[in-house]
Number of protein chains: 2
Amino acid sequence: MTRKDEILQVSARLIREKGYVGLSMRDLAKAIGVKAASLYNHIPSKQAILAEIILHLAEDFTSQIQHVAIKSISSLDKLKQIIEHHVDLSLHHPNKLALLNNEWMHLEGQSLADFKTMRNQYEEQLRQIINQGKANNELKALHTELVLFSLLSTLRNLNVWIKKRGSIPAEQLKNELHQVLLNGIS
Amino acid sequence: MTRKDEILQVSARLIREKGYVGLSMRDLAKAIGVKAASLYNHIPSKQAILAEIILHLAEDFTSQIQHVAIKSISSLDKLKQIIEHHVDLSLHHPNKLALLNNEWMHLEGQSLADFKTMRNQYEEQLRQIINQGKANNELKALHTELVLFSLLSTLRNLNVWIKKRGSIPAEQLKNELHQVLLNGIS
DNA sequence: GTCTATACCCCGATAGAC
DNA sequence: GTCTATCGGGGTATAGAC
């Protein structure tokens with residue numbers, strides 16, 4: 001792992017704990033074992049750390065949902081694959097996902113604009129999949145925005161839950177999530 | 001409204017936008033129309049602002065769920081009343097709720113400990129209601145922790161959704177939420 | 001209850017030696 | 001690539017006049 005990767009990884013963990021504004025470059029440097037000035041040989045600014053972490057993940061989500069959207073499968077299967085991708089990323093990059101969810105408002109300039117664009121794209125793709133499912137009678141005729149919101153709320157919180165509940169096998173988590181999110185609890 | 005109430009209200013809005021660490025007492029004072037030093041005639045510290053807002057709301061949630069838990073009604077009706085309380089608070093105190101969800105980690109000392117205690121109490125009460133529902137065959141035999149997590153994820157994000165989606169009648173929102181959360185979407 | 005002035009501290013970032 | 005030293009700015013909070 002390069003020093004830059006180390007900086008990004010440690011930053012993700014510390015920003016998750018202290019928030020972007022709450023983490024100082026001096027604290028970050030201390031956690032890595034160098035002086036603050038040395039960080040600037042690997043990254044141009046504190047802001048660039050946040051942008052690189054968040055935009056990289058946002059691009060991953062965006063390309064995955066576009067890939068799923070054009071498949072010739074049922075809307076329910078599309079939703080299942082989207083859920084599974086959230087589970088996989090939540091298991092492998094929990095800290096970086098936390099930044100995507102909670103620190104994006106500290107992005108600035110073009111990074112912030114790009115993030116918002118990708119976020120809207122993602123929600124729009126998911127909205128269309130839900131509406132397809134309703135048209136095919138795979139999904140109940142519920143308020144699309146509320147279904148979208150409920151799904152995303154749970155998926156975006158997966159990393160919190162995984163951190164608290166400890167290790168549950170990925171496959172079991174996916175199966176149970178499909179049931180809870182798609183079939184209901186009562 | 002007293003000046004102190006004004007400080008709490010404006011603080012909630014600005015902390016929601018900038019984060020607790022990102023909001024300075026100078027910015028807060030400017031938004032209210034006084035100088036920063038004047039704030040300290042009404043509140044003892046910046047930290048006390050955060051603690052008062054969050055702990056007040058946390059006490060509200062805790063007392064409500066304890067009140068519901070001991071009622072002689074079905075588990076499903078208990079869940080409905082809990083959902084409705086989240087909707088009501090999300091509509092009336094969206095900014096303060098955002099702090100409860102996103103800024104609690106910046107609490108310090110006893111305030112942080114008290115918050116965590118109330119949070120655990122709330123989750124434990126909800127866990128028991130879910131388990132009762134499973135025992136009564138009102139709820140499916142799903143992983144309790146996953147049901148708890150999915151419910152709370154959606155309820156805790158209500159204020160985000162309400163802010164983005166604009167005004168939907170409270171009664172309609174409650175009805176649709178009951179369907180989505182309790183009956184499933186497929 | 002609000003003000004000005006200020007104490008004391010930490011911030012992000014850069015310059016330049018090694 | 002890391003260091004020391006430092007610049008310029010902004011942070012919370014207090015003292016004391018009005």
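Numbered from 1 within each chain, the chains take letters A, B, ... in sequence-line order. Keep in mind that this is a model prediction, so the values were computed, not measured.
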CD of B/Gln47 versus P of D/dT12: gap in Å, rounded?
12 Å
ring-ring contact (aromatic ring centres under 6.0 Å, His included) partners for B/His85, two or more places apart:
B/Phe61
Between P of C/dC11 and CG of A/Leu14, the distance in whole Å:
13 Å
Residues A/Asp27, A/Leu14; criterion side chain to side chain contact (heavy atoms under 4.5 Å, CB included); working and verdict
CA-CA 9 Å; A/Asp27 287 344; A/Leu14 293 181; 5.5 Å; no
Set out, in order, the CA-CA distance, both residues' side-chain angles and the distance that settles side chain to side chain contact (heavy atoms under 4.5 Å, CB included) for B/Glu124 and B/Gln121, then state yes or no.
CA-CA 5 Å; B/Glu124 181 56 26; B/Gln121 273 180 23; 5.8 Å; no
Do you see a donor-acceptor pair shorter than 3.5 Å between the side chains of B/Gln9 and B/Asp5?
no
Output yes when B/Arg156 and B/Glu123 qualify as a salt bridge under the 4.0 Å nitrogen-oxygen rule, no when they do not.
yes
Tabulated below should be each protein N or O lying under 3.5 Å from an N or O of nucleotides 3-5 of chain D; please produce it.
from	atom 1	to	atom 2	distance (Å)
D/dC3	OP2	A/Lys35	N	2.5
D/dC3	OP2	A/Ser38	OG	2.9

How do B/Ser45 and A/His42 order along DNA chain D: which one's closest nucleotide is nearer the 5' end?
A/His42
Is there any protein nitrogen or oxygen under 3.5 Å from a nitrogen or oxygen in nucleotides 9-11 of chain D, and what are the pairs?
from	atom 1	to	atom 2	distance (Å)
D/dG11	OP1	B/Ser24	OG	3.2
D/dG11	OP2	B/Arg26	NE	3.2
D/dG11	N7	B/Arg26	NH2	2.5

So that I can tick it off, tell me whether A/Lys78 and A/Glu138 are bridged by a salt bridge, with the cut-off set at under 4.0 angstrom between side-chain N and carboxylate O.
no
Decide whether B/Lys71 and B/Gln81 meet the rule of one side-chain donor and one side-chain acceptor closer than 3.5 Å.
yes
Give the rounded distance in Å between these two atoms: OH of B/Tyr40 and C1' of C/dT6.
14 Å
